[in-house]
There are 2 protein chains.
Amino acid sequence: MTALKTTRDTPSVSVEASREKFQAYLSEQGLRVTNQRLAIFDAAHAQKEHFTAEELLEKARQIDDSVSRATVYRTLPIMTESHLLREVDIGSGEKYYLAATTGGSQVAQVVCVDCDKISEISAPFMEWYGSTVSLKLGLKPVSQRLQVSAQCIAFRSTGRCPNRTKKK
Amino acid sequence: MTALKTTRDTPSVSVEASREKFQAYLSEQGLRVTNQRLAIFDAAHAQKEHFTAEELLEKARQIDDSVSRATVYRTLPIMTESHLLREVDIGSGEKYYLAATTGGSQVAQVVCVDCDKISEISAPFMEWYGSTVSLKLGLKPVSQRLQVSAQCIAFRSTGRCPNRTKKK
DNA sequence: CTTAATGCAAAGGTTTTGCAGAGCA
DNA sequence: TGCTCTGCAAAACCTTTGCATTAAG
């Protein structure tokens with residue numbers, strides 16, 4: 001499966017708008033707008049669920065097969081620093097990412113204990129609690145993250161998650 | 001600095017009590033009580049701040065210099081599963097640990113953005129929010145974690161943390 | 001043209017694992 | 001004595017980096 005041309009020429013409106021933000025960010029920072037960066041960006045924003053760097057590489061290559069693993073890893077921090085992508089580390093060894101189209105920093109992650117599937121949910125109280133907790137220690141809060149481990153629906157009924165790939 | 005004998009023969013009362021819990025847990029699970037496991041346990045419970053696997057190896061070797069890195073890594077999950085140790089992943093590449101002498105699962109971590117120093121603080125509201133958020137998604141909550149990024153006192157005054165070792 | 005960005009492959013750091021020998025129950 | 005646990009070293013794993021080449025501005 002190499003270099004398939006997808007419907008990249010007519011991305012959805014929201015993706016289009018986000019991409020403009022990304023290009024604007026790159027220019028502001030004096031960074032170059034390359035085909036690889038755009039392919040990686042588009043691939044990331046076409047995902048509906050959280051993805052890993054490796055999965056992103058695969059998707060990006062379906063758009064532009066010249067994209068390398070190194071460039072994916074070099075582009076991820078750019079996208080997270082521009083707040084167009086959210087990084088989620090659930091402690092499973094690899095990091096997960098999701099396009100930050102909604103919620104800003106006010107989202108909690110709920111992770112299935114069996115299959116590691118991540119759900120996000122609005123948690124507007126988080127920022128207030130982050131401040132409360134920080135200030136109790138005399139520190140200045142920067143950001144906060146609430147991660148909840150839970151049993152997903154499939155696990156509760158069948159005792160095993162359908163999309164589980166863990167070695168454990 | 002190899003195999004220094006410390007004051008291991010007279011550990012504090014609380015450490016002593018915890019160690020008994022650990023031995024009981026091992027026996028219950030049909031696991032063996034070995035000198036290495038006890039040394040690792042004692043080393044872990046002698047720390048006042050969060051530590052890494054590598055740091056734990058060094059401390060454990062001061063108690064019993066036969067302790068190997070492999071055994072440390074094999075013992076860590078046993079101690080976390082017995083709830084005598086708390087694992088904290090702040091997304092820095094290596095995991096941190098701390099003896100779970102207080103707070104149970106009702107603690108939030110506040111991490112300095114510059115030096116990665118971790119402070120813990122009681123956060124009794126967390127469990128309630130974990131439940132709320134999980135149930136909104138129809139999931140059964142298991143545990144929750146609130147991690148706050150903040151600027152520590154030293155960073156605010158000098159612009160740099162004293163104990164910083166990050167490459168970044 | 002000038003310089004940043006890229007691909008490749010090797011290196012990096014942390015954690016895991018196979019195996020033969022050691023030691024607890 | 002049987003079977004778990006251990007140390008050692010190699011491997012696995014994700015991520016980063018050096019270098020020659022490519023391409024954006």
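All values below come from the heavy atoms of this structure, side chains included, with hydrogens, waters and symmetry mates left out. Chain letters run A, B, ... following the sequence lines, proteins first and then strands; every chain starts at 1.
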Chemist: Check this one for me: any side-chain N or O of A:R69 less than 4.0 Å away from OP1 or OP2 of D:dC14?
Modeler: no

Chemist: Ignoring backbone atoms, test whether A:Y73 places a side-chain nitrogen or oxygen under 4.0 Å from the OP1 or OP2 oxygen of D:dT15.
Modeler: yes

Chemist: Rounded off to whole Å, could you give me the CD1-to-P distance for the A:I40 and C:dA5 pair?
Modeler: 13 Å

Chemist: Nearest to the side chain of A:K95, which nucleotide is it out of D:dT15, C:dA5, D:dT17?
Modeler: D:dT15

Chemist: Check for a donor-acceptor pair, side chain of B:S134 on one end and backbone N or O of B:S131 on the other, with a separation under 3.5 Å.
Modeler: no

Chemist: For B:S18 versus B:L84, what's the shortest heavy-atom pair and its separation?
Modeler: O-CD1, 4.3 Å

Chemist: How long is the line joining CD of B:E28 and P of C:dA25, in whole Å?
Modeler: 15 Å

Chemist: Between C1' on C:dA25 and CD on B:Q23, what's the gap in Å once rounded to a whole number?
Modeler: 14 Å

Chemist: For a quick check, tell me whether the side chain of A:R32 and the base of C:dT3 share a donor-acceptor pair closer than 3.5 Å.
Modeler: yes

Chemist: Looking at B:T52, does any N or O in its side chain come under 4.0 Å of the phosphate oxygens OP1/OP2 on C:dT14?
Modeler: no

Chemist: Main chain of A:M79, side chain of A:S82: is a donor-acceptor contact present, judged purely on distance under 3.5 Å?
Modeler: yes

Chemist: Pick the closest DNA chain C nucleotide for B:Y97 and for B:V33 by heavy atoms, then say which residue is nearer the 5' end.
Modeler: B:Y97

Chemist: Please state whether the phosphate of D:dT4, meaning OP1 or OP2, lies under 4.0 angstrom from any side-chain nitrogen or oxygen of B:T34.
Modeler: no

Chemist: Go through C:dT17, D:dG25, C:dA5 for me and flag the one nearest to the B:A70 side chain.
Modeler: C:dT17

Chemist: Measure from OH on B:Y96 to C1' on C:dT15 and round the result to the nearest Å.
Modeler: 15 Å

Chemist: Between atom CZ in A:R37 and atom P in D:dG25, what is the gap in whole Å?
Modeler: 10 Å

Chemist: Looking at every heavy atom in both A:A53 and A:V72, which two are closest together, and how far apart are they?
Modeler: O-CG1, 3.8 Å

Chemist: Which whole-number value in Å describes the distance from B:I78 CD1 to C:dT16 C1'?
Modeler: 14 Å

Chemist: To the nearest angstrom, how far is B:E55 atom CD from C:dT15 atom P?
Modeler: 11 Å

Chemist: Can you find a pair of side-chain heavy atoms, one from B:L98 and one from B:E120, that are under 4.5 Å apart?
Modeler: yes

Chemist: To the nearest angstrom, how far is B:L31 atom CG from D:dC3 atom C1'?
Modeler: 13 Å

Chemist: Have a look at A:R74 and say if it touches a base, only the backbone sugar-phosphate, or nothing, with a 4.0 Å heavy-atom cut-off.
Modeler: base

